[in-house]
Amino acid sequence: MKLLTYKKGTGYGLGAVIGEHVLDLNKAMGTKLDMLGLLDKGEKGMEEASEAVKAAQDKAEAGNMSGLQSLKGLKIAAPIPRTRKNIVCLGLNYAEHVKEGGRDRDLPPHPVFFTKPPTSITGPYDPVIYNRAVERLDYEVELAFVIGETGKYIPKDDVYSHIAGYMVFQDISARTLQRQHQQWFRGKSQDTFAPMGPYLVTPDEVGDPQSLDLWCKVNGQIRQQSNTRNMIFDIKTIVSTLSEGITLEVGDVFATGTPSGVGSAHPLGLLKVSDVIESSVEKLGSMRNEVVAEK
């Protein structure tokens, strides 16, 4: 399934993509859930959602489009507009990205973790704000995943059973702040610095998450292009490592690091106001975020 969250009145709706349409899952299931609420229901919730989608698909194939609305007419939000905890991110997780940073050292022997707060989240088509506190704005396309089953000390062989789905992620970064503070939190955590979406795609539609092409364009020009097989630390290692002594909970979001081609190392340079960032991961869709000045 391709699950999504969309703006509905003063709140949010929960939907599933069916062709060029969206099924309102709450109406179809007789519930009042957001994405986190659906994930909290575990396998049972996903099964109910899948059954509702299948029923709607069957009706649509017979010409009955009741219960469906046009995907084009929706204001799509981040799949989880506000996480319960900070987003866990990976730094230096593609060898070529390590090299382009001018780091004359060995590749990291262990995963490099940092976090972004829930207030950094924005939608897949919403603006990225060039905040007044920021200098040297940069882009980083990434594969993200969401935990669907709570766990601690998760063995590598069990990791995929703890994942609810995958999505596209942009780790927007303020390079001056990142270096000024000798750590990454402030430079990575400005408001709107975590576009994500457009969908939360369930594992059955993704297949092997370590074999997905990902790319980023700025103003229509390719800046980054790689495949998730090039990660230094794969998803199994990321989850298994962080779950050693730390409980991972339903709804936790992980971003898995970026390949080479970031603005700070690219001939075309960093982001500026009015630039348009397009971020894509194979099978997961694409995001489009314009850089706008803070009012």
Side-chain angles (χ1 to χ4, degrees), residues 1-84 121 123-126 143-151 158-169 196-209 211-212 249-253 280-288:
M1 291 182 292
K2 287 184 173 69
L3 304 172
L4 60 79
T5 296
Y6 58 95
K7 294 184 180 180
K8 185 177 181 181
T10 58
Y12 294 102
L14 176 66
V17 178
I18 298 178
E20 298 298 320
H21 295 81
V22 172
L23 173 68
D24 184 327
L25 283 175
N26 280 316
K27 284 185 177 180
M29 296 165 60
T31 55
K32 294 182 179 180
L33 300 172
D34 58 10
M35 189 70 76
L36 287 173
L38 177 63
L39 297 181
D40 284 338
K41 289 172 68 67
E43 288 186 13
K44 181 181 178 182
M46 287 298 187
E47 288 173 0
E48 291 174 356
S50 181
E51 290 171 0
V53 169
K54 180 62 167 61
Q57 287 175 329
D58 291 343
K59 289 181 181 179
E61 289 174 3
N64 182 355
M65 305 298 287
S66 63
L68 299 179
Q69 51 193 323
S70 173
L71 177 60
K72 291 182 180 179
L74 293 182
K75 175 67 173 175
I76 300 177
I80 302 175
R82 188 177 181 89
T83 53
R84 292 168 177 148
I121 296 172
Y125 309 116
D126 291 332
L143 167 69
F145 62 87
V146 179
I147 296 296
E149 180 182 341
T150 296
D158 292 343
V159 164
Y160 287 162
S161 68
H162 287 261
I163 294 177
Y166 302 88
M167 56 188 176
V168 186
F169 189 88
M196 62 176 69
Y199 317 118
L200 179 63
V201 184
T202 53
D204 58 296
E205 290 208 15
V206 175
D208 181 5
S211 184
L212 300 175
E249 299 180 310
V250 173
D252 287 351
V253 173
S280 300
V281 179
E282 183 182 0
K283 299 182 180 181
L284 305 184
S286 300
M287 303 192 299
R288 187 180 188 277

With a 3.5 Å distance limit and no angle check, can you tell me whether [X] reaches the backbone of [Y] through a side-chain donor-acceptor pair?
X	Y	result
S280	S286	no
K59	N64	no
H21	L68	no
R84	V250	yes

Are side-chain heavy atoms of [X] and [Y] found at a separation under 4.5 Å?
X	Y	result
P81	Y12	yes
F145	P209	no
K2	V53	no
M196	V168	no
I121	I80	no
M29	L23	no
L284	L143	yes
S70	E20	no

Heavy-atom pair of closest approach, residues [X] and [Y]:
X	Y	result
K7	A77	CG-CB, 4.5 Å
E282	S211	OE1-O, 3.8 Å
P203	A164	CD-O, 3.2 Å
A28	A52	CB-CB, 3.9 Å
I18	A56	CD1-CB, 3.5 Å
L38	G45	CD1-O, 3.6 Å

Would one find more than 12 heavy atoms of other residues, nucleotides or ligands at under 6.0 Å from atom CD of E205?
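Correct, the count exceeds 12.
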[atom1] of [X] to [atom2] of [Y]: how many Å apart, nearest 0.5 Å?
X	Y	atom1	atom2	result
R288	Y125	CZ	OH	10.5 Å
S161	E43	OG	CD	8.5 Å
D40	E249	CG	CD	10.0 Å
D252	I163	CG	CD1	12.0 Å

Can you run down the salt bridge (Lys or Arg N to Asp or Glu O under 4.0 Å) pairs that involve residues 48-57, sequence neighbours left out, and say none if there aren't any?
K41-E48, K54-D58
Run the numbers on T31 and L25 for side chain to side chain contact (heavy atoms under 4.5 Å, CB included), then give the verdict.
CA-CA 8 Å; T31 55; L25 283 175; 5.9 Å; no
Name the residue from L200, L14, L71 that meets the side-chain contact (heavy atoms from CB on, under 4.5 Å) definition with L4.
L71
Might you work through the side chain to side chain contact (heavy atoms under 4.5 Å, CB included) test for M1 and D204, ending with a clear yes or no?
CA-CA 8 Å; M1 291 182 292; D204 58 296; 5.8 Å; no
Run Y160 and D208 through side chain to side chain contact (heavy atoms under 4.5 Å, CB included) and show every step you take.
CA-CA 10 Å; Y160 287 162; D208 181 5; 4.3 Å; yes
Between M167 and V253, is a side chain to side chain contact (heavy atoms under 4.5 Å, CB included) present by the stated rule, with each step listed?
CA-CA 10 Å; M167 56 188 176; V253 173; 3.7 Å; yes
